[in-house]
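From a predicted model like this one, the values you see are computed outputs, not experimental measurements. Proteins get letters first, then strands, A, B, ... in listed order; numbering begins at 1 in each.
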Protein chains: 2
Amino acid sequence: MLAALILVAVNSVALAQTNQPADDWKPAPSNMPGQPYPQVNSEGRVRARLQAPQAQDVQLNISGVKFPMTKGTNGLWLGESTPQDQGNHYYGLVVDGAEVPDPNGSFIFGSGAWRNAVEIPAADQDFYALKNVPHGQLRELLYFGKTSNTPRHCFVYTPPNYDKEAGKRFPVLYLLHGYNENETGWGHQGCAGLIMDNLIAEGKTTPFIIVMENSAINLRPGFVPRGAPPAGASPRGNARPMFDFSPFEHALIEDVIPFIDANFRTLADQPYRALAGLSMGGMQTRAIAPAHLDIFSHIGIFSGGSIATNEIKDLAAFKQKVKVVFVSYGSRENGADGKADVAALRAAGVNSAFYESPNTAHEWQTWRRSLHEFAPLLFKDL
Amino acid sequence: MLAALILVAVNSVALAQTNQPADDWKPAPSNMPGQPYPQVNSEGRVRARLQAPQAQDVQLNISGVKFPMTKGTNGLWLGESTPQDQGNHYYGLVVDGAEVPDPNGSFIFGSGAWRNAVEIPAADQDFYALKNVPHGQLRELLYFGKTSNTPRHCFVYTPPNYDKEAGKRFPVLYLLHGYNENETGWGHQGCAGLIMDNLIAEGKTTPFIIVMENSAINLRPGFVPRGAPPAGASPRGNARPMFDFSPFEHALIEDVIPFIDANFRTLADQPYRALAGLSMGGMQTRAIAPAHLDIFSHIGIFSGGSIATNEIKDLAAFKQKVKVVFVSYGSRENGADGKADVAALRAAGVNSAFYESPNTAHEWQTWRRSLHEFAPLLFKDL
């Protein structure tokens, strides 16, 4: 989300396209059924439409980059973007200078609010496609959190065979969202359920439970999370420490995990617990997991930094307790430090993997692919 | 939703208020955490805010009734509505004539799109308040529907003790949404889970499963549903037949119920199955349930018509198979026919109940209250 926030600051109207867009527009796959707009074409352009007969100026706004729209005779404005990366994008409209959502759009939570989403069909979309395979359940839960003294709200993915195999226990991945996102992201635009359903149907992963909690509690600017470089130090990749993660660390270990272990048929031991997250969730993972190797054995950091060997206090214990450290970035992010850290971890004897998502930036397509690469590495001894 | 649709046609800007609104504005309880607008006051007025320095005219739009907003020196527009009924309301903004959502609002699906929602605190909101009681789960499911030959998507509420009492089977309520709504409504703005959690915690209802499917399949204008009065006949209350419900009838009986019975620990017999719905869902209920008394024993019709004794072909069989017919309306709807029909059913020996929601119209507060009144009448022999 940090890169997305930076993009929001860009406020220029894109230059008119000199090339004519390919005329193969289709409703975006993210639209509600029957909703014709927004549309996408084979070049990955987005076309939006708005009924605004009295407006003087309407623009299409994709993460802060604005594209002019043109008024037709019927009061309908139409406008197109430049080609976008494959996958999910936040977008909105600008009506006479006011930034507003598209009334016909679908909505996801991102950048701190419910925003329009448009999906550019991806060459590799098969791995998160809705198929006629057994599906897991995405369960919405409410419970009381003692450390925060508030109600808590989370989503739990249970694999397709969870209810049928009533005597079986399952390992658990705790999967964290990014800054200004919330617990809805992974199950919705992250396609976590579909990714798992398809991997399980193909026999490519051990079935496991995924817990998606809200990790944005009590974030206070200026604090440095445990394990992060000190303030003022050169940040490693996108991992820029800004927040105190300890309230969430307490909630996760004292509220969330005990609640999940008490209410789901979990394998409630360190070898069967993973922690991973994207962006800020990756920073939280690298702050929390290495400090609690009695609790977590598998670590995934997606576009959120990495773990340097010299940050590990007891390498022998780390090698013994950690089954995998997975680090990923989009190819349009700076993942060089992450890649080097993984190479160093491997040289030091830690089972570690680096993944670079082709032609994507700090965005959901990077993280969908990261989960798809990470899941098969988990709980391999089951 | 029919009344809501009629309201949308009203396009007048409300007259300026002569009385000063009570100055006790608070963020609406429906807002995302930390979001200060929209606000509500003790009179049930709604106050919206929008950053729109270059706009010429901005209005607050509550179900088609528009209220002027005023531009402040900082480019922030502010405006207030007249007092609204307690409960949930759809709203939006109008920027220089373009109807758009409030970028800071929460969203629910209604009137055919994702729309802003604002919640006016209700005097009786305790029955759907989030409390520190055991909570059920709201499960999102994907599966393949053979009659529609498409993937199907539904939500299932399981009561708090469902997973813990692994040997127990539960009765099921199939609960339908209204026209231009979808399967998200009851679990979200309908507060079905919270209503059930609270009733169960107080021992006021038998715990049961609720299935919330999309019933808006293949609706074709002009068709008369089974059991409805013929086209041209005077409609009874809000029950105006407009659609062919048979595709959904097939899907419900041949796809949905078998899938639920195969994947949940249901009591899969007629005495333990209820069908209910709001508005169009009530019309579907009165068309489908009496035609399938081998499948359903409990019938709930919320703001969607009623069952007249002269429509019942075999009264003796109906009395024997139907455990309850529940009919409800908001006091601002025309529920006179429904009330008379319930009196006639009772006189004929059918267990039947009528409920009128005080000071509400064709809106969610009526339907939340209806579920709260209906649930305790279900499966009383368990």
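A ring-centre distance under 6.0 Å is found for Phe109(A) and Trp114(A). Ring centroids of Phe155(B) and His153(B) are separated by less than 6.0 Å, placing the two rings close together. Ring pair Tyr143(A)/Phe259(A): centre-to-centre distance below 6.0 Å.
Here Lys164(A) is the residue among Arg265(A), Gln35(A), Lys164(A), Lys131(A) with the most heavy-atom pairs under 4.5 Å with chain B. Counting heavy-atom pairs closer than 4.5 Å to chain B, the top-ranked of the candidates Asp163(A), Asn116(A), Leu138(A), Val100(A) is Leu138(A). Ranked by non-hydrogen atom pairs under 4.5 Å with chain B, the options Pro33(A), Pro103(A), Pro134(A) are led by Pro103(A).
Of the two parts of Ala113(A), only the side chain, counted from C-beta on, holds a non-hydrogen atom closer than 4.5 Å to a non-hydrogen atom of chain B. If you measure heavy-atom distances from Gln51(A) to chain B, the contacts under 4.5 Å come from the backbone alone. For a residue to count as touching a neighbouring chain, one of its non-hydrogen atoms must lie under 4.5 Å from one of that chain's; by this rule Asn132(A) touches chain B with the side chain only. Using a 4.5 Å cut-off between heavy atoms, Leu142(A) contacts chain B through both its backbone and its side chain. Neither the backbone nor the side chain of Asp197(B) comes within contact range of chain A; no heavy atom of the residue lies under 4.5 Å from a heavy atom of that chain. No part of Leu93(A) comes within reach of chain B, as not one of its non-hydrogen atoms sits under 4.5 angstrom from that chain.
Cation-pi check for Arg115(B) over Tyr90(B) is not met; the charged atom does not lie both under 6.0 angstrom from the ring centroid and within 45 degrees of its normal.
In this structure, Thr147(A) and Ala251(A) approach most closely via the heavy-atom pair OG1-CA, 3.4 Å.
With Asn180(A) contributing its side chain and Gly110(A) its backbone, the two residues share no donor-acceptor pair below 3.5 Å.
Two residues are said to be in side-chain contact when any heavy atoms from C-beta on lie closer than 4.5 Å; Phe264(B) and Tyr162(B) meet this criterion.
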